[in-house]
Protein chains: 2
Amino acid sequence: MKLEEEIKQKEFKSEYNKAVVNLHFTQSYLITFQARLFKPHGVSPEQYNVLRILRGHHPEPITVSSIQERMLNKMSNASRLVEKLKQKGLAERKECPSDRRQVDITITSKGLDLLGQLDEEIKNFNHSIIKLDESEVKQLNDLLDKLRG
Amino acid sequence: MKLEEEIKQKEFKSEYNKAVVNLHFTQSYLITFQARLFKPHGVSPEQYNVLRILRGHHPEPITVSSIQERMLNKMSNASRLVEKLKQKGLAERKECPSDRRQVDITITSKGLDLLGQLDEEIKNFNHSIIKLDESEVKQLNDLLDKLRG
DNA sequence: AGACATTATATGTATATACATACATTTGGG
DNA sequence: CCCAAATGTATGTATATACATATAATGTCT
């Protein structure tokens, strides 16, 4: 549905103005459905994202600052998210021997199991939530990559 | 820059998977810069959005639930945002005479002044933050509108 | 009119973001 | 080697989101 109808706004001052609002609105649409998907599994979308980053490095550990770099929200707070995952038994924290300021984080087997369960579900979700065909999605990704310069 | 480089991920399982991540990442990119733009003026991005909704109806008042419908995050909390705006003298609250459950909200002249100051700044911001030409932005908006079905 | 559902708003709680700041450890210059 | 700067992590505070629930006012059915 056109954004103008969704938020009951007659028109936008420019396509650029509409695009900024459209990106916020579409992301909100996605995250609402994602949160509902993750909720029965006891993790939030950002916690899931950190788990995926951990799995990407498994069995090597990864430091908190490296997690931060790979997160979608750069200014967020990796250490608090790791703490949440640890409380749920999905991740482990260990002091880094070579630099005692750093903390090595690894995903646990429980964490890997959870991701394994979610993989198929997420794949189906991604296809069903995005009502575009293969070439359109590709086009969208290219435009977003270009948008950020 | 390609999303893969920005979040140091080698590849995505599908374009659909990438698109979901790309939308989150791009929105985060936008909101970070927007927040910095608004900060000197003492309002957050969502507070600004509510102010724009109020101006769109001025001089008519608008109820809290109508604000909610027009907000980007449908599940958010219009009444708390209105409270913040009231504390800053940017909006007023009045009991609706025809239905005492409802609350009529109007933007104050101070609120209109603030938006007036911001208008030009936002317009320039929207153009500079989106590094696409006119036809590409149009294409992006069409894809986003179609994506949500 | 009385009982009950519905609607409009407000509030409580958990999570996350954004930013400032604190603290310990490491690094590097003198 | 010692002190200052830089780095890695944690924490404090304000804001916002997501959802459940509370409360008052209104509408509806009999």
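Computed from a predicted model, the values in this text were never measured in an experiment. Quick note on labels: first sequence line is chain A, next is B, and so on, each numbered from 1.
The distance between atom CZ of B:Arg100 and atom P of D:dG27, rounded to the nearest whole Å, is 12 Å. In this structure, A:Ile31 places its CD1 atom 9 Å from C1' of D:dT17, rounding to the nearest Å. As rounded to whole Å, 14 Å separates atom C1' of C:dA10 from atom NZ of B:Lys84. A:Arg36 has its CZ atom 18 Å from the P atom of C:dT15, to the nearest Å. B:Gln68 places its CD atom 12 Å from the P atom of D:dC19, with the value rounded to the nearest Å. With rounding to whole Å, B:Phe33 atom CZ is found 12 Å from C:dA18 atom P. What separates CD of B:Gln47 from C1' of D:dT17 is a distance of 14 Å, to the nearest Å. Rounded to a whole Å, the CD1 atom of B:Ile105 is 14 Å from the P atom of C:dA8.
The backbone N or O of B:Met1 sits less than 3.5 Å from a side-chain atom of A:Arg148, completing a donor-acceptor pair.
You'll find the ring centres of A:Phe33 and A:Tyr29 inside the 6.0 Å limit.
A salt bridge is defined here as a Lys NZ or Arg NE, NH1 or NH2 lying under 4.0 Å from an Asp or Glu carboxylate O, and A:Glu69 with B:Lys8 meets this definition.
Applying side-chain hydrogen bond (donor to acceptor under 3.5 Å, both in side chains) to B:Glu83 and the options B:Lys86, B:Gln87, B:Arg80 leaves one that passes, B:Gln87.
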Restricting to nitrogen or oxygen on both sides, can you table the protein-nucleotides 1-3 of chain C pairs closer than 3.5 Å?
none

Could you check A:Glu121 against A:Gln117 for side chain to side chain donor-acceptor pair (under 3.5 Å), going step by step and ending with a plain yes or no?
CA-CA 8 Å; A:Glu121 214 176 327; A:Gln117 280 174 47; over 6 Å; no
Hey, mind stepping through B:Lys138 and B:Asp142 against salt bridge (charged side-chain N to carboxylate O under 4.0 Å, His left out) and telling me if it holds?
CA-CA 6 Å; B:Lys138 175 84 174 66; B:Asp142 290 345; 3.1 Å; yes
Evaluation steps, salt bridge (charged side-chain N to carboxylate O under 4.0 Å, His left out), between A:Asp145 and B:Lys18
CA-CA 11 Å; A:Asp145 285 352; B:Lys18 175 172 172 178; 2.8 Å; yes
Its contact letters, B for base, S for sugar-phosphate only and - for none at protein heavy atoms under 4.0 Å, make nucleotides 1-10 of chain D read -----BBSSB
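Atom CD1 of B:Ile62 sits about 9.0 Å away from atom CD1 of B:Ile105, to the nearest 0.5 Å.
In this structure, A:Leu140 and B:Leu144 have side chains that are in contact, with non-hydrogen atoms separated by less than 4.5 Å.
DNA chain C is contacted by both A:Ser98 and A:Val43; A:Val43 maps to the nucleotide lying nearer its 5′ end (nearest heavy atom per residue).
Counting any heavy atom pair closer than 4.0 Å across all strands shown, B:Glu83 reaches no nucleic acid atom.
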